[in-house]
Number of protein chains: 2
Amino acid sequence: MTADGGPDGAEPETNTGVLLFLPYRALENRVFAALAEAGFDDFTPAQARVLQRIGPHGTRLTDLAEQAQVTKQTAGFLVDQLEKAGYVRRVPDPTDRRARLVCGAEKAWAAKEVADGVVAQVEKEWAEHLGKRRMRQLREALTSLREITDPWA
Amino acid sequence: MTADGGPDGAEPETNTGVLLFLPYRALENRVFAALAEAGFDDFTPAQARVLQRIGPHGTRLTDLAEQAQVTKQTAGFLVDQLEKAGYVRRVPDPTDRRARLVCGAEKAWAAKEVADGVVAQVEKEWAEHLGKRRMRQLREALTSLREITDPWA
DNA sequence: TGACATTGGTCAGAGGCTCTGACTAATTTG
DNA sequence: CAAATTAGTCAGAGCCTCTGACCAATGTCA
């Protein structure tokens, strides 16, 4: 459903989806490897996708679920694990007694620091490969695209 | 681990990984929805990620696994489902009696046609938003990035 | 105010995905 | 030819994700 068209064979240009996905996955792999090497090996990719979306002042479960595109049951399940592993804690939401805010714990910020370092390194490598100008154009185009592809923008 | 940095608060520029992921996911969602609407609702996202990587002349299980970044056991499990659903068939590899080629069936090419249509449509929308020039630059930069991020390139 | 709909979240259960480990068969290497 | 490698399968366990049903707090509106 992607590249090198059906049985007919004429190789067209590569699907933009694949083009986006490849560097994304490469970056994610690098971050994960570095995190594991730094000792943050007690969470799974699924948990990370939730953890990543917790804001600095805490985020509601429902919002986490929506952003991660999973059901709130699934998000709750993952937050349970993260809580047990010490990455987050749940605190009452002062503005709504039904809700609780999922807040990052110290351990999460420490992991984030490692992750941010790797991201910066990879971005540097990319900038070296593309040249500063094309790297800037790339980020600029992607940022613009966000306007029509990110329901949360 | 991504945006709006830790407890310190200073909002830096958005992580390039997120920037790549957002449009990727938006595109994938569109393709999936269209496929389901066209009646191709009997396969899962995990199966699709394998199906997508089957070449026009068939691909070995081991290669599918490597490209999809799953174990060969997982790939085998998914191909089993796809085979039952009629999307693929396994044929002996004439060049190696241990191996079998996973080949797309008619149903897979039909689905691919639907998917390609949606991708083309979405790419058109993106080009309209960005302008032809920036769209070309985007694809060009991503293609270049592939050289250092795609182990299969 | 008081009924009703909405929203935040949990519990229970089922099914799907993915991994590790162990194994068979064919191929390649020395 | 013996040993190492490679393609693939089987079995079992654990994680992830969903649907459905439910409770409690909040919002809406006559």
Side-chain angles (χ1 to χ4, degrees), chain A residues 25 28-29 32-33 36 40-55 57-85 87-103 151-152, chain B residues 25 28-29 32-33 36 40-55 57-85 87-103 151-152:
Chain A
R25 189 174 61 179
E28 192 181 62
N29 286 163
F32 239 83
F40 297 106
D41 56 356
D42 55 347
F43 61 86
T44 66
Q47 288 163 30
R49 282 191 285 277
V50 167
L51 191 53
Q52 209 174 29
R53 288 172 168 83
I54 295 174
H57 311 304
T59 306
R60 288 189 190 175
L61 188 63
T62 304
D63 294 338
L64 288 178
E66 192 174 340
Q67 290 183 56
Q69 292 197 5
V70 296
T71 59
K72 52 189 183 175
Q73 292 93 320
T74 296
F77 173 84
L78 296 170
V79 167
D80 283 346
Q81 327 278 322
L82 288 169
E83 196 168 25
K84 277 174 202 148
Y87 286 98
V88 308
R89 53 185 193 285
R90 293 193 235 220
V91 306
D93 182 335
T95 74
D96 188 334
R97 275 192 302 166
R98 287 170 303 182
R100 285 191 285 169
L101 292 171
V102 179
C103 295
W152 267 76
Chain B
R25 188 174 64 179
E28 192 181 63
N29 286 162
F32 238 82
F40 297 106
D41 56 356
D42 55 348
F43 61 86
T44 67
Q47 288 163 30
R49 282 191 286 274
V50 168
L51 191 53
Q52 210 175 26
R53 289 170 167 85
I54 295 174
H57 311 304
T59 305
R60 286 189 191 177
L61 188 61
T62 304
D63 293 338
L64 288 177
E66 191 174 340
Q67 291 183 56
Q69 292 195 3
V70 296
T71 60
K72 53 189 182 175
Q73 293 92 322
T74 296
F77 174 84
L78 296 170
V79 167
D80 282 347
Q81 326 278 323
L82 287 169
E83 196 168 25
K84 276 174 202 147
Y87 286 98
V88 308
R89 54 185 191 287
R90 293 192 235 221
V91 307
D93 182 336
T95 73
D96 187 335
R97 273 192 303 166
R98 290 171 302 181
R100 286 191 286 169
L101 259 14
V102 179
C103 296
W152 267 75

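The chains referred to below are lettered A, B, ... by the order of the sequence lines, with proteins before strands, and numbering in each begins at 1. Note that the coordinates shown come from a computational prediction; the quantities given were computed from them, not determined experimentally. Excluded from the calculations below are hydrogen atoms, water molecules and symmetry mates; all remaining heavy atoms, backbone and side chain alike, are included.
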Nearest-nucleotide pick for [X], side chain only, options being [options]:
X: Asp96(B); options: dT20(C), dG8(C), dT27(C); result: dT27(C)
X: Ala99(A); options: dA25(D), dC19(C), dG9(C); result: dG9(C)
X: Val70(A); options: dG9(C), dC18(D), dC16(D); result: dC18(D)

Using atom [atom1] of [X] as one end and atom [atom2] of [N] as the other, report the distance to the nearest whole Å.
X: Leu64(A); N: dT17(D); atom1: CG; atom2: P; answer: 14 Å
X: Lys72(A); N: dT10(C); atom1: NZ; atom2: P; answer: 9 Å
X: Gln69(A); N: dT17(D); atom1: CD; atom2: P; answer: 12 Å
X: Leu101(A); N: dG9(C); atom1: CG; atom2: P; answer: 8 Å
X: Glu66(A); N: dT7(C); atom1: CD; atom2: P; answer: 11 Å
X: Arg49(B); N: dG16(C); atom1: CZ; atom2: P; answer: 16 Å
X: Asp42(B); N: dG15(C); atom1: CG; atom2: P; answer: 18 Å
X: Phe32(A); N: dT18(C); atom1: CZ; atom2: C1'; answer: 14 Å

Checklist entry - Should Leu101(A) and Arg60(A) be marked as a side chain to side chain contact (heavy atoms under 4.5 Å, CB included) after you check the CA-CA gap, both sets of side-chain angles, and the distance that decides it? => result CA-CA 5 Å; Leu101(A) 292 171; Arg60(A) 288 189 190 175; 3.9 Å; yes

Does a side-chain heavy-atom distance below 4.5 Å link [X] with [Y]?
X: Asp93(A); Y: Arg100(A); result: no
X: Thr44(A); Y: Gln47(A); result: yes
X: Asn29(B); Y: Gln69(A); result: yes
X: Asp63(B); Y: Arg53(B); result: no

Counting only side-chain nitrogens and oxygens, does [X] get under 4.0 Å of the OP1 or OP2 atom of [N]?
X: Thr74(B); N: dC17(C); answer: no
X: Arg100(A); N: dT10(C); answer: yes
X: Thr44(A); N: dC16(D); answer: yes
X: Arg97(A); N: dT26(D); answer: yes

By the 4.0 Å heavy-atom rule, please label [X] as base, sugar-phosphate, or nothing.
X: Gln47(A); answer: sugar-phosphate
X: Thr62(A); answer: sugar-phosphate
X: Asp93(A); answer: nothing

Checklist entry - Step by step, would you call Ile54(A) with Tyr87(A) a side chain to side chain contact (heavy atoms under 4.5 Å, CB included)? => result CA-CA 11 Å; Ile54(A) 295 174; Tyr87(A) 286 98; over 6 Å; no

Next on the checklist: Tell me whether the side-chain N or O atoms of Gln73(B) pair up with the base of dG12(D) as donor and acceptor below 3.5 Å, since no angle test is needed here.
Outcome noted: no

Checklist entry - Would you say the base of dT27(C) and the side-chain of Arg98(B) have a donor-acceptor pair closer than 3.5 Å? => result no

Next on the checklist: Which is more 5' along DNA chain D, the nucleotide nearest Leu61(B) or the one nearest Phe77(A)? Just name the residue.
Outcome noted: Leu61(B)

